[in-house]
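Everything on this sheet refers to the single structure shown next.
Letters A, B, ... mirror the listed sequences (proteins, then strands); counts begin at 1. Just so we're clear, the structure is a prediction, and the values are computed from it rather than from any experiment. Any value given below was found using the heavy atoms of this structure, including those in side chains, with hydrogens, waters and symmetry copies removed.
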There are 2 protein chains.
Amino acid sequence: MSAIGSLRVVSEARPCDEDGLRALFLRQPGETAEPGAALFFEGDPACHVFHLISGNVRVCRFLPDGHRFIIGFLCAGDLVGLSFRSRYMFGAEAIDRVAFRRMNKRLFEEELQLAPEHRSQMLSHLRDEITASQDHMLLLSQKNAEERVCTFLLDRLDRTGTPGIVSLPMIRSDIADYLGMTIETVSRTLTKLVLKGIILPAEKHHFRVVSRSALARHANEANENDDHKGEAQRLLR
Amino acid sequence: MSAIGSLRVVSEARPCDEDGLRALFLRQPGETAEPGAALFFEGDPACHVFHLISGNVRVCRFLPDGHRFIIGFLCAGDLVGLSFRSRYMFGAEAIDRVAFRRMNKRLFEEELQLAPEHRSQMLSHLRDEITASQDHMLLLSQKNAEERVCTFLLDRLDRTGTPGIVSLPMIRSDIADYLGMTIETVSRTLTKLVLKGIILPAEKHHFRVVSRSALARHANEANENDDHKGEAQRLLR
DNA sequence: CGAGGCGTTGAATCCCATCAAGAAATGTGG
DNA sequence: CCACATTTCTTGATGGGATTCAACGCCTCG
């Protein structure tokens, strides 16, 4: 639980399958995007695949009534653009200063032809996206405000480099549009968790997690390692 | 809008990419499942890929608290099982009498090796699953009861063979668990749509759609062909 | 300093879930 | 075919959790 930078375990152990894919980008020049800038827009011709070097990106779609939905957040090491046909199905915007490499899709596919072992990595990546989507759907359809926020914090906790600290580089409205709630409810729920002693406000955009297990309990997660660990948590309640 | 059996257009025209994949199943023996029977269970080793010949299947996951979530519904022509690693991430249950073929996954992958053109069809299928998941997330996070039901009806309308008729072979609780609401709200919303004159109750498990465009308007869909048609609808409002 | 974006908190409202009851449909056995 | 049990569907009454509307403090930046 304290391993730094460990991958989030979705459902079974998974040694960094996609490292091979990432290696393809090393020849590409590094680029940067300023906060708020778009890497690409929803609806644009999908001609590049992206690899994030540093920084945070939000991935979003819009409804005709102006509502925004955030599909997810990307950070260092993440790939985006593999799951498109001819057009981007969503937009990607820099949250903070972002460094990335991009690769022409045609070129990317040629490389894939040359190195067939990358095929399975590609599939692997797509399967992960599907799994992530389904977990997200589960959250949206079944969880209440507190469970949503706790789930989100757990997720961020595993992505943040410092143990016991969760970093929220995005603003409240990003979180709200990701969790399917309003900024007010997000704010209220965070306050409630602080009052309950589960998290502590730390520096700007950071919280200290006092009790990971309490967080997990309040998140009502499906498989918080449904082995002995899960049992233990149930008994401790 | 009246073309029978036309594929639902997700975002761009797509000639039946996966027909090649489907052809692989023709050598497999036909099987059937009775209503309520499971094709496979969530958590089981994923050793088969399935191709539906006829009937309807619900695809679902369970939460530790007993809640059920329905990821989607399958019908004739659909494939399922492509997006798994070693275990099924969800279960599949027959809604009515179902005919299908199955294929050992290892065999399936060998066939894929032999016919590399199937690779892209495989990717295509996974991308469709991702798109569907994201549309579903959008529904769950942004839409109210009426919009959800209208979206669902539109979706079913395109899957039903008879123009102007939407078939709902599944029961209310299936719909509820798919749309993230209760059976009561589903029922009330359908009643409301009937009172509004948008749909008419037809035979058991069927509704007649009086006005597709009204349905689309109430669904608040993103891309109801965002060309002139969309404009026209806006003007007609 | 003032403007504007961001975050928090309060009060009122509303949509949907919950609880409850009954109607309609389906199935089963005599 | 009917009586009975069970499941499915609908409708009503009520309450609660989240949204909405509003105000205010904090911070950054020009």
side-chain hydrogen bond (donor to acceptor under 3.5 Å, both in side chains) partners of residues 46-56 of chain B, not counting sequence neighbours, each pair once: B:Asn56-B:Asp96
For [X], which residues count as a side chain to side chain donor-acceptor pair (under 3.5 Å) partner, sequence neighbours excluded?
X: A:Ser83; answer: A:Glu129
X: B:Ser133; answer: none
X: B:Thr185; answer: B:Thr182
X: A:Ser141; answer: none

Starting from [atom2] on [N], measure out to [atom1] on [X] and report it in whole angstrom.
X: A:Leu195; N: C:dT8; atom1: CG; atom2: P; result: 12 Å
X: B:Gln142; N: D:dT19; atom1: CD; atom2: P; result: 10 Å
X: A:Glu184; N: C:dG10; atom1: CD; atom2: C1'; result: 11 Å
X: A:Ile95; N: C:dC6; atom1: CD1; atom2: C1'; result: 15 Å
X: B:Ile183; N: D:dT10; atom1: CD1; atom2: P; result: 10 Å
X: B:Lys192; N: D:dT10; atom1: NZ; atom2: C1'; result: 15 Å
X: A:Asn144; N: C:dA17; atom1: CG; atom2: P; result: 13 Å
X: B:Phe207; N: D:dC9; atom1: CZ; atom2: C1'; result: 10 Å

Donor-acceptor pair present, B:Glu146 side chain and C:dC16 base, under 3.5 Å: no
Under-3.5 Å donor-acceptor pair between A:Arg188 side chain and D:dG17 base: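 Per atom types, no contact qualifies.
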Any [X] side-chain N or O less than 4.0 Å from OP1/OP2 of [N]:
X: A:Thr185; N: D:dT19; result: yes
X: B:Thr182; N: C:dC16; result: no
X: A:Thr191; N: C:dT9; result: yes

Of all pairs that satisfy salt bridge (Lys or Arg N to Asp or Glu O under 4.0 Å), the ones with a partner from residues 29-39 of chain A, not counting sequence neighbours: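 Every pair satisfying salt bridge (Lys or Arg N to Asp or Glu O under 4.0 Å) with a residue in residues 29-39 of chain A: A:Glu31-A:Arg102, A:Glu34-A:Arg97.
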Listed once per pair and sorted, the salt bridge (Lys or Arg N to Asp or Glu O under 4.0 Å) pairs that draw on residues 175-199 of chain A, sequence neighbours left out: A:Arg68-A:Asp177, A:Glu146-A:Lys192, A:Glu146-A:Lys196
Qualifying residues under salt bridge (charged side-chain N to carboxylate O under 4.0 Å, His left out), relative to B:Arg58, sequence neighbours excluded: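 Once residues adjacent in sequence are excluded, the partners of B:Arg58 under the salt bridge (charged side-chain N to carboxylate O under 4.0 Å, His left out) criterion are B:Glu93, B:Asp174.
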Axial bend angle, the helix from C:dC1-D:dG30 to C:dG30-D:dC1: five-pair end segments, nearest 10°: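 Axis angle across the helix from C:dC1-D:dG30 to C:dG30-D:dC1, nearest 10°: 40°.
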Nucleic acid contacts - residues 167-181 of chain B versus DNA chain C, non-hydrogen atoms under 4.0 Å: B:Gly180, B:Met181
A:Ala214 backbone acceptor or donor facing A:Ser211 side chain under 3.5 Å: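 Side chain of A:Ser211 to backbone of A:Ala214: a pair is present.
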Side chain A:Thr160, main chain A:Ser167, donor-acceptor under 3.5 Å: yes
A:Phe62-A:Phe41 aromatic ring centre distance below 6.0 Å: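 Distance test on ring centres: not under 6.0 Å, no.
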Contact pattern, 5' to 3', of nucleotides 21-29 of chain C - B, S or - by protein heavy atom under 4.0 Å: ----SS---
Sequence-distant partners of B:Pro45, side chain to side chain contact (heavy atoms under 4.5 Å, CB included), two or more places apart: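 With neighbours one apart ignored, the set is B:Arg87.
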